[in-house]
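Read through the structure below, which is laid out as structure tokens, and then see the notes.
In this text, all values refer to a predicted model and were calculated from it rather than measured experimentally. Lettering follows sequence order; numbering is per chain, from 1.
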2 protein chains.
Amino acid sequence: MLPQSRRDLILRTLRADGPSEVRALADKLGVSQATIRRDLEHLDTEGRLTRVYGGAMVVDDDHDDPWADVAAERVEDKDAVARACADMIKDGETVLLDIGTTAHRLARLLHGRALTVITSNLAVFDELRDDENVELVLLGGVVRRAYHSLVGYLTEDNLRQVHANRLFLGTSGVRGDGAVMDTTVVEVPVKRAMIKAADQVVLMADGGKFPGVGMARVCGPEILNVVVTTASADPATRRAFTDAGVEVVEA
Amino acid sequence: MLPQSRRDLILRTLRADGPSEVRALADKLGVSQATIRRDLEHLDTEGRLTRVYGGAMVVDDDHDDPWADVAAERVEDKDAVARACADMIKDGETVLLDIGTTAHRLARLLHGRALTVITSNLAVFDELRDDENVELVLLGGVVRRAYHSLVGYLTEDNLRQVHANRLFLGTSGVRGDGAVMDTTVVEVPVKRAMIKAADQVVLMADGGKFPGVGMARVCGPEILNVVVTTASADPATRRAFTDAGVEVVEA
DNA sequence: AAGAGTTTGCTCAACTTTGCGCAAGTTGGG
DNA sequence: CCCAACTTGCGCAAAGTTGAGCAAACTCTT
């Protein structure tokens with residue numbers, strides 16, 4: 001057993017079974033606890049795991065990465081929304097995926113599907129770049145590292161040249177009157193261009209987005225065709241959607 | 001047994017059976033451990049495997065990847081060309097990087113530089129996506145997985161909207177009359193759009209590209225401003241460049 | 001707050017791997 | 001035929017890895 005293989009195995013064990021003690025790892029791998037300690041120290045300095053007293057755990061996501069913080073929030077809700085969205089997509093369709101973590105969760109469910117996916121979401125790109133089944137179209141733009149996205153006039157230009165059956169739109173929050181909001185102003189023109197490029201607009205907004213934050217208004221409820229949300233969504237806002245003729249799906 | 005066959009066999013063994021120790025490989029192939037070590041070192045510098053203490057592991061990458069084969073060819077020459085190109089770039093400039101492995105080698109030398117890099121080369125994107133110093137602009141397009149690139153009319157559209165101080169152009173080969181050729185027809189319109197978008201066109205062509213293959217003609221020598229090559233370049237073709245008023249730089 | 005039990009950092013000795021110089025064998029050209 | 005360039009195998013010193021022992025630091029319970 002090579003030292004490097006052993007370290008890889010430690011990481012895989014931690015990812016599969018969660019935090020583990022030094023003793024358990026030593027028994028499992030058939031080496032002394034001293035060796036395990038040295039391995040853990042090594043992997044810790046590499047940033048691949050977090051050393052804790054008595055053992056180690058998989059690395060705690062970067063906190064200076066706004067994406068990581070958001071990505072960890074309400075994962076179950078977002079996955080539920082993503083599943084409902086994935087069920088709406090038929091093979092052969094062209095779908096447009098907005099930036100944000102919910103769209104990324106949706107992309108995870110599209111592996112192996114015969115689809116064309118258009119996106120400016122780098123997390124979606126990373127998820128699907130090796131999947132031969134998916135025809136993947138990346139919109140141009142300036143790389144915004146903190147948001148894992150591409151933005152700018154190049155993105156908008158590209159969006160004027162493409163067309164999709166469905167847009168899956170993310171949001172930072174929904175106002176009581178059904179208006180879709182966003183905190184990052186620079187993304188708003190991109191979102192509007194996406195809306196123009198799609199036949200149908202599906203808003204992905206788990207219950208935590210009702211009522212929501214965001215200084216910039218992206219669009220009103222009348223633009224939307226479907227809203228996919230969860231049980232915890234505010235009833236008044238839901239009514240605003242149904243009143244505007246939007247189909248509300250509870251995932 | 002040819003050294004090259006032996007190295008191929010080492011790679012196949014690693015792919016089939018996973019990580020292996022130096023001793024095991026030496027026994028299997030009937031050569032000394034010293035030879036195995038030299039082979040592993042060689043393959044590691046080519047990036048075809050990862051050397052670890054006690055043995056080697058397959059590099060964590062796609063195996064059926066035509067890119068990997070090309071990327072391993074004439075690495076020293078390409079690096080020499082890339083270094084000469086990197087020296088031409090001044091801080092604050094906007095540079096356009098073509099697809100191909102030579103442009104990727106160039107990108108590796110741009111870490112930490114205050115530059116704007118525009119590219120449709122996914123290897124360049126991967127190289128620079130985490131470097132805060134570099135303003136990175138990705139051109140839109142359809143993902144061509146085998147070539148690590150983005151192509152199509154979205155790419156060309158984006159190129160009409162940007163401008164760069166310098167284009168670093170790759171090629172599959174240069175004809176005797178100085179014409180720049182390419183094997184992949186679908187890339188030609190993209191390359192031509194890149195040429196239009198840049199003040200200065202720098203051709204990166206190590207000696208192995210003279211004389212070169214490629215069914216599609218990208219442009220003639222009169223379009224180029226600088227050619228960066230290596231000592232092994234064919235003298236007649238070099239003359240074709242100088243006759244056309246192109247500065248030839250030997251890296 | 002004190003004590004028992006555990007974990008950790010450290011050093012030491014045994015072992016393995018590595019890098020390097022050197023000599024022998026092979027290939028291709030003048 | 002000889003020479004230069006290359007590859008290969010071997011020996012040795014240097015560096016890396018491993019496991020054990022021990023004092024100090026830490027956690028948990030009382």
Side-chain angles (χ1 to χ4, degrees), chain A residues 1-15 17-60, chain B residues 1-15 17-60 69 72-80 206-208 210 230-235 250-251:
Chain A
M1 164 88 67
L2 294 167
Q4 191 55 52
S5 315
R6 193 181 54 235
R7 295 188 186 124
D8 288 348
L9 203 54
I10 289 175
L11 281 176
R12 240 184 304 152
T13 303
L14 290 179
R15 279 199 259 269
D17 306 335
S20 183
E21 295 172 20
V22 173
R23 174 60 158 279
L25 289 170
D27 288 349
K28 185 182 175 79
L29 300 178
V31 293
S32 75
Q33 298 186 33
T35 302
I36 294 293
R37 287 204 184 88
R38 280 185 277 246
D39 282 342
L40 295 182
E41 185 185 8
H42 197 268
L43 290 165
D44 187 32
T45 58
E46 277 185 351
R48 312 236 281 159
L49 54 75
T50 302
R51 190 79 167 83
V52 295
Y53 194 88
M57 44 198 291
V58 284
V59 67
D60 212 340
Chain B
M1 163 94 63
L2 292 168
Q4 194 51 56
S5 327
R6 193 182 55 236
R7 292 184 187 135
D8 288 344
L9 202 53
I10 290 174
L11 283 175
R12 243 184 301 153
T13 303
L14 290 179
R15 282 172 195 158
D17 307 333
S20 184
E21 296 171 25
V22 173
R23 173 62 156 279
L25 289 169
D27 288 350
K28 185 182 174 81
L29 300 179
V31 294
S32 76
Q33 297 188 33
T35 302
I36 294 293
R37 272 188 249 282
R38 281 185 278 246
D39 283 343
L40 295 183
E41 186 185 10
H42 196 267
L43 291 165
D44 186 35
T45 57
E46 281 184 349
R48 312 236 278 161
L49 55 75
T50 304
R51 189 77 167 87
V52 296
Y53 194 89
M57 313 172 61
V58 284
V59 64
D60 212 359
D69 295 333
E73 290 171 8
R74 296 187 305 278
V75 175
E76 299 79 12
D77 276 15
K78 286 178 178 175
D79 275 343
D206 62 84
F210 293 64
T230 52
S232 57
D234 168 52
E250 189 175 308

Margin query: Is the shortest side-chain heavy-atom distance between Arg12(B) and Leu9(B) below 4.5 Å?
Written below: yes

Margin query: If you only use heavy atoms from C-beta on, which nucleotide in dG9(D), dT8(C), dA20(D) is closest to the side chain of Arg37(A)?
Written below: dT8(C)

Next item on the list: Round to the nearest Å and state the distance from Glu41(B) atom CD to dT17(C) atom P.
Entry: 17 Å

Check: dT18(C) C1' sits how many Å from Ile36(B) CD1, rounded?
Finding: 15 Å

Next item on the list: Check the distance between dT17(D)'s C1' and Arg23(B)'s CZ and give it to me in whole angstrom.
Entry: 17 Å

Checklist line | Spacing between Leu25(A) atom CG and dG19(D) atom C1', to the nearest angstrom | finding: 17 Å

Next item on the list: Check Thr230(B) against Asp206(B) and note the closest heavy-atom contact, atom names and distance.
Entry: OG1-C, 3.8 Å

Check: With a 4.5 Å heavy-atom cut-off, do Gln4(A) and Asp8(A) have their side chains touching?
Finding: yes

Margin query: By nearest heavy atom, map Val31(A) and Tyr53(A) onto DNA chain D; which one lands nearer the 5' end?
Written below: Val31(A)

Check: Closest nucleotide of DNA chain D for Met1(A) versus for Gly30(B): which of these residues is on the 5' side?
Finding: Gly30(B)

Check: Looking at Arg6(A), does any N or O in its side chain come under 4.0 Å of the phosphate oxygens OP1/OP2 on dT18(D)?
Finding: yes

Next item on the list: Please check the phosphate of dT8(D) (OP1 and OP2 only) for any side-chain N or O of Thr35(B) closer than 4.0 Å.
Entry: no

Check: To the nearest Å, how far apart are Leu29(A) CG and dT18(D) P?
Finding: 11 Å

Notebook entry, point to check: Do Leu40(B) and Ile36(B) have side-chain heavy atoms sitting under 4.5 Å apart?
Noted result: yes

Checklist line | Rounded distance (Å) that lies between atom C1' of dT17(D) and atom CG of Leu40(A) | finding: 16 Å

Margin query: Here's a test of your reading of the structure: between Arg38(A) and Gly55(A), which maps to the more 5' nucleotide of DNA chain C?
Written below: Gly55(A)

Margin query: Tell me the closest heavy-atom pair linking Asp39(A) and Arg6(A), and the distance in Å.
Written below: OD2-NE, 2.6 Å

Notebook entry, point to check: So, is Arg51(A) close to the dT8(C) phosphate, meaning a side-chain N or O under 4.0 Å from OP1 or OP2?
Noted result: yes

Next item on the list: Can you tell me the distance, in whole Å, between the CD atom of Gln33(B) and the C1' atom of dG19(C)?
Entry: 14 Å

Check: When the distance from CG of Leu2(A) to P of dT18(D) is rounded to whole Å, what number comes out?
Finding: 10 Å

